[in-house]
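In the text below, chain A, chain B and the rest are named by the order of the sequence lines, each starting its count at 1. Being a predicted model, the structure only gives us computed values, none of them experimental.
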There are 2 protein chains.
Amino acid sequence: MLETRSATKPELAINRLLQIAVEVFAEQGYRDATVREICTRANVNVAAVNYYFRSKEGLYTEALVFAFTELNKLYPYQAAEDVGLPPEQRLNLFIQHFLNKLLDDSHLGIPGKLISREIAEPTKALDIIIAKAIIPQCALLEEIILVLLGGQADKMLLQRCVMSILGQCLMFKHSRSIIDRLFPEAIAGPAAIQASSQHIAAFSLAALQQLKPAAECPL
Amino acid sequence: MLETRSATKPELAINRLLQIAVEVFAEQGYRDATVREICTRANVNVAAVNYYFRSKEGLYTEALVFAFTELNKLYPYQAAEDVGLPPEQRLNLFIQHFLNKLLDDSHLGIPGKLISREIAEPTKALDIIIAKAIIPQCALLEEIILVLLGGQADKMLLQRCVMSILGQCLMFKHSRSIIDRLFPEAIAGPAAIQASSQHIAAFSLAALQQLKPAAECPL
DNA sequence: AATCATTTCAAACAACTGTTTAATACTGCC
DNA sequence: GGCAGTATTAAACAGTTGTTTGAAATGATT
């Protein structure tokens with residue numbers, strides 16, 4: 001029959017496979033990653049991929065979901081969600097949280113890298129990521145911005161402000177190679193990262209404050 | 001002997017090969033692109049790649065340089081370089097120019113895409129791109145920002161402002177898949193793109209204006 | 001026209017890829 | 001112990017890849 005106990009051996013193998021798959025796909029990308037390397041590093045036979053997940057693509061899709069789950073496990077709570085706090089502080093917290101997630105190279109950067117890869121070069125699995133990871137973040141940020149703009153603003157302006165702030169943060173992920181070479185001090189150590197996130201917050205708050213009148217009287 | 005006239009036949013083949021290579025590498029990425037497809041589309045024998053460029057990697061490197069050259073040919077002049085203009089207008093021009101380059105899907109978007117691919121997933125050839133394309137742009141932007149901040153500013157603050165503005169622009173390139181799904185109106189047609197670039201300029205000008213006092217009296 | 005270096009070509013090569021297969025080992029259940 | 005059903009394995013498969021080869025074509029120079 002099927003598994004009666006919770007932690008049967010195959011489930012361990014599947015879990016190990018997913019864990020390693022996230023690493024390898026993140027490091028090398030979908031195409032360069034080989035099922036053989038994944039299986040070797042997971043101490044599993046090559047055929048396991050096709051046995052448990054239908055194909056390499058199937059493994060990739062499930063690895064993406066797994067990465068997202070891990071990511072939420074490590075960074076479960078967004079302090080910025082607390083509507084009791086002043087909006088300026090919420091924006092600050094949001095950016096800090098977001099940037100830390102993006103730049104955490106140690107443990108969490110790995111699933112994060114996989115997800116950012118998927119965004120840069122989307123496969124069919126992108127919609128999973130968008131629905132589960134992107135939309136909630138955007139909604140939260142949009143809500144904070146709306147408060148900062150005085151509670152009323154053109155939908156288009158709102159969206160563009162969301163993109164302005166996300167763009168400043170994401171820069172650190174997708175143009176990491178550039179930053180490493182041209183602005184290495186900006187991410188040298190936790191203090192510098194903290195300062196960078198505070199810059200983004202200050203920069204954006206200043207902009208929003210000045211944009212506020214325009215948002216209130218659009219005509 | 002070697003070619004005595006300027007436009008010998010092999011040079012035409014080499015040029016066609018480079019042109020197509022840029023397209024294919026941009027569309028599919030280095031790994032997914034096959035020398036066979038490149039050669040077929042260029043009406044050239046498969047062996048040509050190894051004959052003229054040592055290897056697939058050699059072709060890629062030269063295609064990168066070729067893409068950059070083409071890019072400069074199509075967008076030769078940066079109106080923002082004109083130091084006679086007011087700095088606000090220069091920033092506006094810079095952003096408009098930059099965003100147009102990034103979003104031009106028709107002709108120029110192709111070499112641009114190849115370059116942005118190289119940034120997201122660097123190979124050994126990245127340093128070529130950085131030296132030839134990135135550093136001059138950053139220097140120009142930095143100079144404009146410095147003027148806007150009152151002629152004097154902390155080097156670190158300057159760099160962070162450069163990143164803030166570049167990040168807002170680059171968002172449209174590397175997170176294109178997200179924008180297409182969540183904010184499609186922001187890039188629907190030239191008018192919307194124009195509006196988006198104007199938003200980034202307004203957003204950034206507002207921020208810089210407010211940051212100006214802090215930059216002037218750092219202590 | 002003959003000679004020479006260069007270019008082009010079809011074919012084959014060797015390595016690697018994801019996937020399948022069929023045999024073997026394992027596990028819980030009667 | 002024997003019998004399911006599942007898991008694991010080594011081996012082979014079929015397809016694709018970048019690259020090489022050696023012969024044929026080309027074209028300028030003598």
Notebook entry, point to check: In whole angstroms, how far is the C1' atom of D:dT19 from the CD atom of B:E57?
Noted result: 14 Å
Checklist line | B:L12 CG - D:dT26 C1' separation (whole Å) | finding: 15 Å
Next item on the list: Starting at atom CD1 of A:I38, determine the distance to atom P of C:dG18, rounded to an integer number of angstrom.
Entry: 8 Å
Check: Quick one: which of C:dG18, C:dA12, D:dT9 gets closest to the side chain of A:T34?
Finding: C:dG18
Checklist line | Short side-chain donor-acceptor distance under 3.5 Å, B:Q168 and A:S164 | finding: yes
Next item on the list: Rounded off to whole Å, could you give me the NZ-to-C1' distance for the A:K56 and D:dA14 pair?
Entry: 17 Å
Next item on the list: Using a 4.5 Å cut-off on heavy atoms from C-beta on, say whether the side chain of A:F203 contacts that of B:F203.
Entry: yes
Next item on the list: Using a cut-off of strictly less than 4.0 Å, decide whether A:Y51 has a side-chain nitrogen or oxygen near OP1 or OP2 of D:dA7.
Entry: yes
Next item on the list: Find the distance A:L17:CG to D:dT9:P and express it as a whole number of Å.
Entry: 12 Å
Check: Can a side chain N or O of A:N50 be found less than 4.0 Å away from OP1 or OP2 on C:dT19?
Finding: yes
Notebook entry, point to check: From the list D:dT8, D:dG18, D:dT19, which nucleotide is the closest neighbour of the side chain of A:Y52?
Noted result: D:dT8
Notebook entry, point to check: Hey, are the side chains of A:L99 and A:Q194 touching, using non-hydrogen atoms and a 4.5 Å cut-off?
Noted result: no
Note to self: How many whole angstroms separate atom CZ of A:R31 from atom P of D:dT16?
What the structure shows: 11 Å
Check: Does D:dA7 have OP1 or OP2 sitting under 4.0 Å from an N or O in the side chain of A:N45?
Finding: no
Check: Does B:R31 CZ have over 12 foreign heavy atoms under 6.0 Å away?
Finding: yes
Next item on the list: Go through C:dT8, D:dT19, D:dT8 for me and flag the one nearest to the B:A13 side chain.
Entry: C:dT8
Notebook entry, point to check: Starting at the 5' end of DNA chain C and moving along, which residue's nearest nucleotide shows up first, A:A47 or B:V46?
Noted result: B:V46
Next item on the list: Write down the distance between CG (B:D32) and C1' (D:dG15), rounded to a whole number of angstrom.
Entry: 16 Å
